[in-house]
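Within every chain, numbering begins at 1; the chains are lettered A, B, ... in the order of the sequence lines, protein sequences first and strands thereafter. Excluded from the calculations below are hydrogen atoms, water molecules and symmetry mates; all remaining heavy atoms, backbone and side chain alike, are included.
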Amino acid sequence: MRNSFWGLSNAQLILAFVLMVGSASCQSNDRLPILGQKEAITKTVNGKTITDSVDHAIPDFRFVSQYGDTVSAQTLKGKIYVADFFFTTCPTICPKMKTQLKRVYERFKGNPKVMLLSHTIDPTRDSVAVLREFAQNLEVEGRQWLFVTGDKEKIYDIGQNSYMVSAAEDASAPGGVVHSGAFILVDAQKHIRGIYDGTTVDGVDKLMADMDRLLAESK
Amino acid sequence: MIKKIVAPVAFVIASLLSLTSCQSQEEIKRQKYITEGILKYQNNCANCHQRDGKGLAALYPPIAGSDYLAHKDSIIHIIRHGQQGPILVNGKRYNRPMPAQMHLSNLEIAEIVTYIYAEWGNSNDIVDVKYVDKVLK
């Protein structure tokens, strides 16, 4: 028993050590998945037409922020970001979502690698001025969290077809629009790496943990 | 074995209850209001005002620690009919519309208000349905 540690034999200690190393290395390889369907593209390489598959990615877009300037894929270059869809007069899930996204904002405030992008799905009412006042009232400053408005069709299109969330007008719903309470995590290559329930503390705790993992990937 | 214990314990509880029954009729009613009020608050109010009643930044005013609690009748009125335009709470200006809650009955409003005052208003008084009836008449 002289060579024991917590009463374990040498063989047991070696086994425990191997298991620890094994699980640690497993964790570092455990990358977040890339979500969405792969898309087939045909391209011409050296005069030959080949078909390749690429991961689903968020295409370029053009919206206007609460400061009145244009926001495009370029604005988010080299950063990971969280996207969501809301409107300022929404009486149902939006206040919950904004409460939760504010937590994310406070947690990653000042991190140059992280941005938040909230799209209004009621651009008729949510003008630049309305979004600016909303951001001020939420006590959000600077350009890390952008609230964007723009062409309604384009916002709905990018929401449904690129971020894979639902948004649709419905006169019977409170506020006139039904939409998802999801937060979408996008990496610097514009791939979707996770979709979270933005209305719950648990969902958003998971999002923040995954953001840490995603930030660690690029280190 | 168990029966032997249950009988005397039940007797003691029953006699204790009868001793305090005078005060507890009202207190039992208040506790019922509060229990119902918690649920109704969480389903109808907490989205904006938060479960802890602290509101959200300058968007939605707090209920906890709010000087607006001095206006009980106005609060009952706002819950039913909503609120438009600016409102001053603890010296801070808030200007988001609060939707009317026409789906809440007078009893449900009474339960919510009783809960709010018990939790954040330092009040042991029940705001019963008759009072809400009177205010909303």
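- The minimum heavy-atom distance between A:P95 and B:L56, with the atom names listed, is O-CD2, 4.2 Å.
- Within 6.0 Å of NE2 on A:H56 lie more than 12 heavy atoms contributed by other residues, nucleotides or ligands.
- Residues A:K102 and B:A57 share a closest heavy-atom pair of NZ-CB, 4.1 Å.
- In this structure, A:K113 places its NZ atom where only 12 or fewer heavy-atom neighbours from other residues, nucleotides or ligands lie under 6.0 Å away.
- Within 6.0 Å of NZ in B:K54 there are 12 or fewer heavy atoms belonging to other residues, nucleotides or ligands.
- Neither the backbone nor the side chain of B:P97 comes within contact range of chain A; no heavy atoms are under 4.5 Å apart.
- Sparse packing is recorded around CZ of A:R62, with 12 or fewer heavy atoms of other residues, nucleotides or ligands lying under 6.0 Å away.
- Within 6.0 Å of NZ on B:K92 lie more than 12 heavy atoms contributed by other residues, nucleotides or ligands.
- Closest approach of A:E133 and B:R96 over heavy atoms only: C-NH2, 4.1 Å.
- Of the listed residues (B:A46, B:C48, B:A58), the greatest number of heavy-atom pairs within a distance under 4.5 Å of chain A belongs to B:A58.
- Within the 4.5 angstrom heavy-atom criterion, atoms from both the backbone and the side chain of A:T88 approach chain B.
- B:Y94 does not touch chain A: none of its heavy atoms, backbone or side chain, sits under 4.5 Å away.
- Taking all atoms of both residues into account, the shortest heavy-atom contact from B:L59 to A:L138 is CD1-CD1, 3.4 Å.
- More than 12 heavy atoms of other residues, nucleotides or ligands shown are found within 6.0 angstrom of CG on A:N161.
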